Enquirer: 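One structure, pasted below without further comment.
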Amino acid sequence: MAGGWSRDGAVSEQIEASISDELERMRARRAPVGESLSECAECGEEIPEKRRLALPGVKLCIDCQQERDGAQRARGGINRRGSKDSQLK
(Lines give C-alpha, C1' and ligand atoms only; values in the text may rest on other atoms or scores of the structure.)
Protein backbone atom coordinates (compact mmCIF):
# COMPACT_ATOMS: atom_id res chain seq x y z
CA MET A 1 0.00 0.00 0.00
CA ALA A 2 2.31 2.68 -1.24
CA GLY A 3 1.11 6.21 -1.60
CA GLY A 4 2.13 9.27 -3.51
CA TRP A 5 4.70 8.69 -6.26
CA SER A 6 6.01 5.33 -5.06
CA ARG A 7 4.94 2.10 -6.73
CA ASP A 8 3.12 -0.72 -4.96
CA GLY A 9 5.45 -2.88 -2.90
CA ALA A 10 8.16 -0.22 -2.62
CA VAL A 11 7.86 -0.03 1.17
CA SER A 12 8.06 -3.83 1.51
CA GLU A 13 11.12 -3.92 -0.74
CA GLN A 14 12.82 -1.27 1.36
CA ILE A 15 12.08 -3.17 4.57
CA GLU A 16 13.38 -6.43 3.07
CA ALA A 17 16.54 -4.69 1.86
CA SER A 18 17.14 -3.20 5.31
CA ILE A 19 16.71 -6.58 6.97
CA SER A 20 19.05 -8.27 4.47
CA ASP A 21 21.71 -5.59 4.98
CA GLU A 22 21.53 -5.94 8.76
CA LEU A 23 21.72 -9.75 8.64
CA GLU A 24 24.77 -9.55 6.36
CA ARG A 25 26.43 -7.05 8.71
CA MET A 26 25.77 -9.27 11.73
CA ARG A 27 27.13 -12.38 9.98
CA ALA A 28 30.30 -10.55 8.99
CA ARG A 29 30.81 -9.21 12.52
CA ARG A 30 30.35 -12.53 14.29
CA ALA A 31 32.61 -14.60 12.04
CA PRO A 32 35.95 -15.30 13.71
CA VAL A 33 38.93 -14.57 11.48
CA GLY A 34 42.34 -16.18 11.34
CA GLU A 35 43.73 -19.18 13.12
CA SER A 36 42.17 -20.48 16.35
CA LEU A 37 44.14 -19.93 19.52
CA SER A 38 44.95 -22.90 21.74
CA GLU A 39 44.59 -20.70 24.85
CA CYS A 40 41.94 -18.07 25.62
CA ALA A 41 43.02 -14.52 24.78
CA GLU A 42 41.43 -13.19 27.99
CA CYS A 43 41.99 -15.73 30.75
CA GLY A 44 44.67 -18.03 29.31
CA GLU A 45 42.60 -21.20 29.84
CA GLU A 46 42.99 -23.91 27.21
CA ILE A 47 40.34 -23.85 24.44
CA PRO A 48 39.09 -27.41 23.79
CA GLU A 49 40.05 -28.87 20.41
CA LYS A 50 36.41 -29.56 19.51
CA ARG A 51 35.59 -25.86 19.97
CA ARG A 52 38.58 -24.85 17.82
CA LEU A 53 37.46 -27.22 15.05
CA ALA A 54 33.81 -26.14 15.26
CA LEU A 55 34.65 -22.40 15.18
CA PRO A 56 37.70 -21.70 13.04
CA GLY A 57 39.38 -18.54 14.28
CA VAL A 58 38.01 -18.76 17.83
CA LYS A 59 39.93 -16.63 20.35
CA LEU A 60 37.98 -17.06 23.61
CA CYS A 61 37.08 -19.99 25.86
CA ILE A 62 33.40 -20.74 26.41
CA ASP A 63 33.23 -18.97 29.79
CA CYS A 64 34.80 -15.73 28.51
CA GLN A 65 32.62 -15.78 25.38
CA GLN A 66 29.45 -16.24 27.45
CA GLU A 67 30.52 -13.42 29.74
CA ARG A 68 31.13 -11.14 26.75
CA ASP A 69 27.80 -12.10 25.15
CA GLY A 70 25.98 -11.42 28.42
CA ALA A 71 27.60 -7.99 28.74
CA GLN A 72 26.38 -7.05 25.27
CA ARG A 73 22.79 -8.10 26.02
CA ALA A 74 22.66 -6.29 29.35
CA ARG A 75 22.78 -2.84 27.77
CA GLY A 76 19.56 -0.89 28.15
CA GLY A 77 18.10 0.98 25.27
CA ILE A 78 15.42 3.44 24.42
CA ASN A 79 11.90 2.12 24.56
CA ARG A 80 10.69 2.86 21.06
CA ARG A 81 7.21 1.52 21.62
CA GLY A 82 6.49 3.91 24.46
CA SER A 83 3.96 1.73 26.28
CA LYS A 84 2.71 3.06 29.61
CA ASP A 85 3.88 -0.05 31.48
CA SER A 86 7.48 0.40 30.38
CA GLN A 87 7.41 4.12 31.18
CA LEU A 88 6.41 3.39 34.76
CA LYS A 89 9.47 1.24 35.44
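FYI, the numbering just counts along the sequence from 1. Here the structure is a predicted model, which means the values were calculated and not measured.
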Enquirer: I'd like to check Glu49 versus Arg52 (side-chain heavy atoms, cut-off strictly below 4.5 Å). Are they in contact?
Expert: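 Of all side-chain heavy-atom pairs linking Arg52 with Glu49, at least one is under 4.5 Å.
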
Enquirer: For the atom pair CG (Asp21) and CD (Glu24), what is the distance rounded to the nearest 0.5 Å?
Expert: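 Here the rounded value is 6.5 Å.
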
Enquirer: First locate atom SG of Cys61, then atom CD of Glu39, and finally report the distance between them rounded to the nearest 0.5 Å.
Expert: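 Cys61 SG to Glu39 CD: 11.0 Å, rounded to 0.5 Å.
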
Enquirer: One pair to check against side chain to side chain contact (heavy atoms under 4.5 Å, CB included): Glu42 and Leu60. What are the steps and the verdict?
Expert: CA-CA 7 Å; Glu42 288 189 10; Leu60 302 175; 3.6 Å; yes

Enquirer: Quick check: does any side chain N or O of Arg25 sit under 3.5 Å from a backbone N or O of Ser20, one acting as donor and the other as acceptor?
Expert: no

Enquirer: Just verifying a value: how many Å separate Glu67 CD and Asp69 CG, rounded to the nearest 0.5 Å?
Expert: 10.5 Å

Enquirer: I want to check something: taking the side chain as every heavy atom from C-beta on, are Leu37 and Val58 in contact at a cut-off of under 4.5 Å?
Expert: no

Enquirer: Give a yes or no on whether the backbone of Glu35 and the side-chain of Lys59 come within a donor-acceptor separation of less than 3.5 Å.
Expert: yes

Enquirer: Taking atom CG of Leu53 and atom CD1 of Ile47, what is their separation to the nearest 0.5 Å?
Expert: 12.0 Å

Enquirer: Does Arg51 reach the side chain of Glu46, with side-chain heavy atoms less than 4.5 Å apart?
Expert: no

Enquirer: Give me the atom names and distance for the closest heavy-atom approach of Gly57 to Ser36.
Expert: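 Between these two residues, the closest heavy atoms are N-OG, 2.8 Å.
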
